[in-house]
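We're numbering straight along the sequence, starting at 1. Atoms within each ligand, like the ligands themselves, are counted from 1 in listed order.
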Amino acid sequence: MRLIEAADYQDMSRKAAAFIEAAIAEKPDLILGLATGGTVTGTYEQLIRDFRSGKVTFQRAASFNLDEYEGMQKEDRNSYHYYMEENFFKHVDFQKGKNHLPDGMAQDMEEACREYDRLMEEYGGIDLQLLGIGENGHIGFNEPGTAFETKTHLVRLTPSTKAANARYFNSAEEVPDRAVTMGIASILKSRQILLLASGMKKADILQKLADEEVTEDIPATVLKQHSNVVIIADKDALSKLTKEQKKVLGHD
Ligand code: GLP
């Protein structure tokens with residue numbers, strides 16, 4: 001793991017965008033794994049600015065998103081399809097049909113999950129996976145206790161995740177009970193992983209990530225088994241970590 005310390009949310013977002021742009025410069029047909037949530041919106045904003053100023057193009061790139069709520073229409077304002085369209089895709093130049101998300105409305109969910117995994121493989125796998133981290137250590141929607149072997153699958157959201165995501169809905173009851181997510185195995189297959197964390201709310205989980213052995217109880221710890229993980233975290237998210245704990249996460 002390599003840890004890059006950012007001053008604040010803005011700085012984290014700028015550094016993350018620069019990281020992604022460097023990867024696209026090296027491989028214009030990059031297969032990006034994308035995430036939703038508050039952590040990554042600043043990165044998308046920066047990528048959009050850089051696209052507009054001609055610094056980056058997504059013409060030859062493609063993307064696969066981590067997750068989507070079950071039973072939510074693509075047009076629903078709370079769907080991740082809508083989030084991605086509004087916050088990123090419609091502002092940049094991906095070719096039509098190159099942005100993939102799990103289908104929360106699939107009739108046969110099992111089959112749709114297998115198809116998503118098959119499609120990722122057909123594209124040659126993900127080159128760079130962008131990740132946020134849940135306060136309980138979830139990545140994508142892989143909640144604590146998820147087996148590391150899982151590929152794309154349907155999950156039941158924990159009360160803490162529902163509570164954390166309730167801010168996007170009118171009320172906590174409106175947050176769907178279930179979601180489709182790339183599994184841990186799908187995420188680990190990515191050639192490189194970029195994990196972002198910002199704010200005091202993420203300080204405890206980053207500390208745990210440094211301290212704990214790899215355990216299914218804290219899904220993000222599995223990243224310690226991957227050979228190419230970069231973490232960009234801001235000062236607040238790192239505020240509870242000692243020098244030694246930062247070193248464990250790859251700070252020099
Ligand atoms: C959400 C998403 C994750 C995201 C995480 C953190 O539930 N499914 O993909 O990384 O939780 O969200 P945020 O960035 O809003 O803190």
Ligand 1 versus Glu143, non-hydrogen atoms closer than 4.0 Å: side chain, backbone, both, neither? neither

Applying a strict 4.0 Å limit to heavy atoms, is Tyr168 in contact with ligand 1? yes

For Arg118, look at atom CZ and say whether over 12 heavy atoms of other residues, nucleotides or ligands are found less than 6.0 Å away. yes

Under 6.0 Å between the ring centres of Phe64 and Tyr123? yes

One thing to verify: whether Lys189 and Glu121 come together as a salt bridge, which I'm taking to mean a side-chain N less than 4.0 angstrom from a carboxylate O. yes

Take every heavy atom of Ile133, measure it against each atom of ligand 1, and state whether any distance is under 4.0 Å. yes

Should the pair Tyr69 and Phe141 be assigned to parallel (<30°), tilted (30 to 60°) or perpendicular (>60°) ring geometry? tilted

Nearest non-hydrogen protein atom, atom 9 (O) of ligand 1: Asp67 OD2, 3.5 Å

Can you check which of Leu34, Val175, Thr39 brings a heavy atom nearest to atom 13 (P) of ligand 1? Thr39

Any heavy atom of Glu135 sitting closer than 4.0 Å to ligand 1? no

Which bit of Tyr83 gets closer than 4.0 Å to ligand 1, counting heavy atoms only: side chain, backbone, both or neither? neither

contact_flag His138 ligand 1 heavy-atom lt 4.0 Å: yes

Judged on heavy-atom distance to atom 3 (C) of ligand 1, which of Gly140, Gly37, Gly132 sits nearest? Gly140

Ligand 1 to Phe141, heavy atom cutoff 4.0 Å, flagged ligand atoms 7 (O), 8 (N)

Test your reading of the structure: does Gly38 have an N or O sitting under 3.5 Å from an N or O of ligand 1? yes

Which atoms of ligand 1 are found less than 4.0 Å from any heavy atom of Asn165? 1 (C), 7 (O)

